[in-house]
Protein chains: 2
Amino acid sequence: MSTYKAPLADMRFALFDVLDAETQFQRMGFADASRDVLDAVLEEGARFTETVLAPLNRVGDEIGCSYDKASGAVTTPPGFKQAYAQYVEGGWAGLVSPTEFGGQGLPHAAGVPLKEMIDAANLAWGNFPLLSHGATEALLHHGEAWQQEVFLKPLVEGRWTGTMCLTEPHCGTDLGLLKTRAEPQDDGSYAVTGTKIFITAGEHDFTDNIVHLVLARLPDAPAGSKGISLFLVPKVRVARDGTLGGANAVRCGALEHKMGIHGSATCVMNFDGAQGYLIGQPHKGLMAMFTMMNTARLAVGLQGLGLSDRALQNGLNYARERLQMRALSGAKFPDKPADPIIVHPDVRRMLLTCKALVEGGRVMGYHGALLVDVAHHASDAAERERADALVGFMTPIVKACLTEWGVECTYHALQCYGGHGYIAEHGMEQLARDARITTLYEGTTGIQALDLLGRKVMQQQGAGLRAMLEDIETFCAANAGNAAVAEFIGPLREQAAQWQQLTMKIGQRAVADADEVGAAAYDYLMYSGYVALAYWWARSVAAAEASAQTQAFKDGKRETARFYYARILPRTLAHAQAIAAPLSTLTALDADAFDA
Amino acid sequence: MSTYKAPLADMRFALFDVLDAETQFQRMGFADASRDVLDAVLEEGARFTETVLAPLNRVGDEIGCSYDKASGAVTTPPGFKQAYAQYVEGGWAGLVSPTEFGGQGLPHAAGVPLKEMIDAANLAWGNFPLLSHGATEALLHHGEAWQQEVFLKPLVEGRWTGTMCLTEPHCGTDLGLLKTRAEPQDDGSYAVTGTKIFITAGEHDFTDNIVHLVLARLPDAPAGSKGISLFLVPKVRVARDGTLGGANAVRCGALEHKMGIHGSATCVMNFDGAQGYLIGQPHKGLMAMFTMMNTARLAVGLQGLGLSDRALQNGLNYARERLQMRALSGAKFPDKPADPIIVHPDVRRMLLTCKALVEGGRVMGYHGALLVDVAHHASDAAERERADALVGFMTPIVKACLTEWGVECTYHALQCYGGHGYIAEHGMEQLARDARITTLYEGTTGIQALDLLGRKVMQQQGAGLRAMLEDIETFCAANAGNAAVAEFIGPLREQAAQWQQLTMKIGQRAVADADEVGAAAYDYLMYSGYVALAYWWARSVAAAEASAQTQAFKDGKRETARFYYARILPRTLAHAQAIAAPLSTLTALDADAFDA
């Protein structure tokens, strides 16, 4: 059985020692976000996720959600609903929402360790409250006053949940193709008709109402992605004065049978002239949706991180207990029938890979969240703008890398178990199956790569990359005389310089053929992730040394950084070479010549 | 729904054009293994696997095997038993077994494309006949005359199946720890008592009897791996004259719940004084088992290959049909609402990665099988010895790389589907789950790596590596003036030279500390696999050019080879750097200092 213990010490280290979040929060005017308050949130969050959510992870997988065709109702796994009630009661739903709508007004980054804990403890369960966040943000940024009044408070309090209805059977990435339509009604509402698929938490038994955010076309909409509007469609009809009406014409038509996250309801949603309200401007729905994209994608990155950490924790426990073979250099525990497998260098390679990707990834992920706060709340406009560019640049990297590493770490940790890892009772294979969704939804890794290179680098002239390179150089310069990180500064500077050069070269090639962007995108993304992680590892070592952490903690950070630089960072060599390959290596073959 | 079409054209190309198998078979005295016969085997194998096995793949996953606690019986998924009857009827069971025991006497390598087809069509089903092969080999090489007489014929005919009972709850890799014991009886048989786990096809409803090969300890056995003997324990008791007795004291105690291969019965087997017969010499059971290891491991490599190919076929079909977005360089199909996703370079990257690993891996896997034949049947002793060293060296590479690539290819192909890949109905997620077992059983990738570097390279003074490097140099020298492969010869020679140097350096470091072997093993294994594949890709291009294949086929091979050299082979850079890292990067941290 897979266990979970919230890694509070490392979470605090990432947040307070490396990122200096407390100072930042205070600077941004979050007076309540003191270290004491945040520590209490972490402690309580750990208690809730370890004791309430984690024990439900397996039953969620085994029993899953069930669908009643007659009523269209979805029943969540045993215990899920009660856990949600505790979540609402504990005030977790509105942790980072504005106080004026019943939230606790903490900064976004203060909610991120909780998010990681929830995902590690029970990813499937975590998908129910997750989507409320998107609906809340959409209403905050684009909702009319009455819409905020009527819909925001129940969402923030967790009495209702939200969804994001984008995908249709024939279109996911390419939303310009979507067909769901919205007809204006005399009362100012819209009748929404169409079929949406892959709707997370589209139907469930947690709450009495569900607020669907739906992308659809108005009758006069231009074709393509410029003709998409955003609508709010509640499960139970709600009048402008907040009065509840009867059931709306929206119904769950089926649940998908998935590889994992069985406890998460992935619904086909049928809208059949359902009453909806326009959110924001006509035909500007995709833009409104995009404003939610950064936080949603960063959130999925945290899912990869949480699963990686849980996998690592269990792999580590198993490797310390499982006795098998002797160390090649001689028995380490001669009194036992065999040595614990953690003595074997190859088992350590797998565990250290996880440790390096988890702890480094944690800083990277939390930093992304902190940038969201800075972009919104810094007093200085230039600082906000810089943070906005940087978070835009880092978001696809965080999303794609933390989820790709989630797949990798759940692979390694399972591998430590040998054949036992393949057996359900240990819980490792569930982590691997659950992790597999994270590189797909909220935009596949390939889509993140195109977003990074095509949009964030090429279209925006690399403002985010420049900011990142400045940060790296600032750190390197400031630590030029710091013996604790001297060994990392040289390689880091070299990688950063190559990052810039690679980017320029791709830019030059893209002038000749736009397909060069697509050809380089994936390898550029992964290259970027590994360099960014090298930066965060060097900063982690510096922060540990400068902190009041124990010597063992400092040693752990330094040795893991050494492992990372020596054994993981060289992956950049392969990615750089792949980027340098001619475009023809991808385009020469005709589509019908792929079969042998 | 995932489909499968046996890739006969490429199978023939690998076997006949690249490996020149027909000539080799004839040289080894397999008079019946003519091109005509082998072509007929391929055609019939394709028909059987495509129409009988492939359609049962999904039901096998969905329904799986079930266990009746009262009787200890295992029921296989609907259709599995009938498919096995067809398999036996078609004479497939004894395809490569000696004619004297009812087999068809074809060479081992002639059965390998069939094996790949079975694995691609229905991996779980394929595990039932697979294990009979191990039992057959054990009896052929180590059985007494009466044992061969009584047990071999029904195994070869497929009337009975076999198992290999090695693992116990506390020991898998480290068989020296095993506890199952065998007490000599007055009639010369043994009473076998103990619990074995992870026994593939340990119980089922295909046949009336099952022949278990069981590792156990005699009462006077020395401790550790030198005190293990091999026993044959039938499910239904069999006297020395072949008379069937009653039920033996062996019973399936449970089925494991696994991540995948649900149609394969993975059994806990309880032996409670079961009647068994000693196979081979007392205390030499592990050696006898090891003689089966090469073919069993090569067979698991083919499982990775088969799944990769099926995943690629489906990913390719989807990528040609799914319309989403326009090519960055401009619409390729302006008359359609969007371009098929195969126009996108990043989708091509994923598909070409699969294609390069599948088609190159096919030649590598088939070559391993051919070496098994040469090692047994070549007329020249030196040639047999060389083939034996080479197959010993290549076996862990083939097993580990083809299965790691199986995990990778099923990942990429699923990724091409986006979110749809995560949904059961497309069948892609089953391929990914099924593939996940292959890097675990028959020795994890880490164990293959230790076998390669520790045993095959260090202990055996690199005879296999030398033979491989000779083969590469022979090819390079012979093709020095061949314009068709000129672009590959230089890089291949360079990689081969580095391979040798890396090996020497590791050897030097291992003198100082044996843990250096474990530290380098995984990266050395993967490095070796990529260089070996570079060799097979260069040979494939040369063979295609020299063949009567179509120009399109030749182009396909050349362009895929270019892709491989430019975009996959650079992974060796990262592996070489990891190998160069100091041992301390893996050993510095105390086992209890891994937690952050």
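Computation of the quantities below employed the complete heavy-atom set of this structure, encompassing side-chain atoms and omitting hydrogens, waters and symmetry-equivalent molecules. Here is the naming used below: chain letters follow the sequence lines, and residue numbers restart at 1 for every chain.
- When heavy atoms are compared at a cutoff of 4.5 Å, B:P7 does not approach chain A at all.
- If you measure heavy-atom distances from B:A9 to chain A, the contacts under 4.5 Å come from the side chain alone.
- Of the two parts of B:K355, only the side chain, counted from C-beta on, holds a non-hydrogen atom closer than 4.5 Å to a non-hydrogen atom of chain A.
- Taking the six-membered ring for Trp and thresholds of 30 and 60 degrees, A:H575 and A:Y530 have nearly parallel ring planes, at less than 30 degrees apart.
- Across B:E359 and B:K557, no two heavy atoms sit closer than the pair OE1-NZ, 2.7 Å.
- Both the backbone and the side chain of B:Y411 come within contact range of chain A, with heavy atoms under 4.5 Å apart.
- For chain A, the nearby parts of B:F594 are the backbone and the side chain; heavy atoms of each come within less than 4.5 Å.
- Counted by atom type alone, A:R12 and A:Q549 present zero donor-acceptor pairs between their side chains at under 3.5 Å.
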In a table with atom names and distances, give each donor-acceptor pair under 3.5 Å that connects a side chain of residues 421-430 of chain A to protein atoms at least two apart or in another chain.
from, atom 1, to, atom 2, distance (Å)
A:Y422, OH, B:G260, N, 3.1
A:Y422, OH, B:R433, O, 2.7
A:E429, OE1, A:R433, NE, 2.8
A:E429, OE1, A:R433, NH2, 3.4
A:E429, OE2, A:R433, NH2, 2.9
A:Q430, NE2, A:N57, O, 3.2
A:Q430, NE2, A:N57, OD1, 3.4
A:Q430, NE2, A:D434, OD2, 3.2

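- Among A:I568, A:I437, A:L316, the residue making the largest number of heavy-atom pairs under 4.5 Å with chain B is A:I437.
- Only the side chain of A:I342 comes within contact range of chain B, judged by heavy atoms closer than 4.5 Å.
- For a residue to count as touching a neighbouring chain, one of its non-hydrogen atoms must lie under 4.5 Å from one of that chain's; by this rule B:A519 touches chain A with backbone and side chain alike.
- In this structure, a donor-acceptor pair under 3.5 Å is present between the side chains of B:T439 and A:Q415.
- Only the side chain of B:D513 comes within contact range of chain A, with heavy atoms under 4.5 Å apart.
- The contact between B:L414 and chain A is made by backbone and side chain atoms together, counting heavy-atom distances below 4.5 Å.
- With respect to chain B, the highest number of heavy-atom pairs below 4.5 Å among A:R322, A:E516, A:R571 belongs to A:R322.
- Taking chain B as the reference chain and counting heavy-atom pairs below 4.5 Å, the highest number among A:T585, A:L586, A:L175 is found for A:L586.
- Looking at B:H257, both its backbone and its side chain come within 4.5 Å of chain A, counting heavy atoms on both sides.
- Neither the backbone nor the side chain of A:I341 comes within less than 4.5 Å of any heavy atom in chain B.
- Side-chain atoms of B:T445 and B:E404 include a donor-acceptor pair closer than 3.5 Å.
- Between A:N317 and A:E321, the side chains place no donor N or O within less than 3.5 Å of an acceptor N or O (distance only, hydrogens not considered).
- Heavy atoms of B:R558 lying under 4.5 Å from chain A are absent altogether.
- Neither the backbone nor the side chain of B:V347 comes within less than 4.5 Å of any heavy atom in chain A.
- Only the side chain of B:F553 comes within less than 4.5 Å of a heavy atom of chain A; its backbone N, CA, C and O stay farther away.
- Sequence neighbours left out, the pairs with a member in residues 583-596 of chain B that pass salt bridge (charged side-chain N to carboxylate O under 4.0 Å, His left out) are A:R320-B:D595.
- For a residue to count as touching a neighbouring chain, one of its non-hydrogen atoms must lie under 4.5 Å from one of that chain's; by this rule B:L573 touches chain A with backbone and side chain alike.
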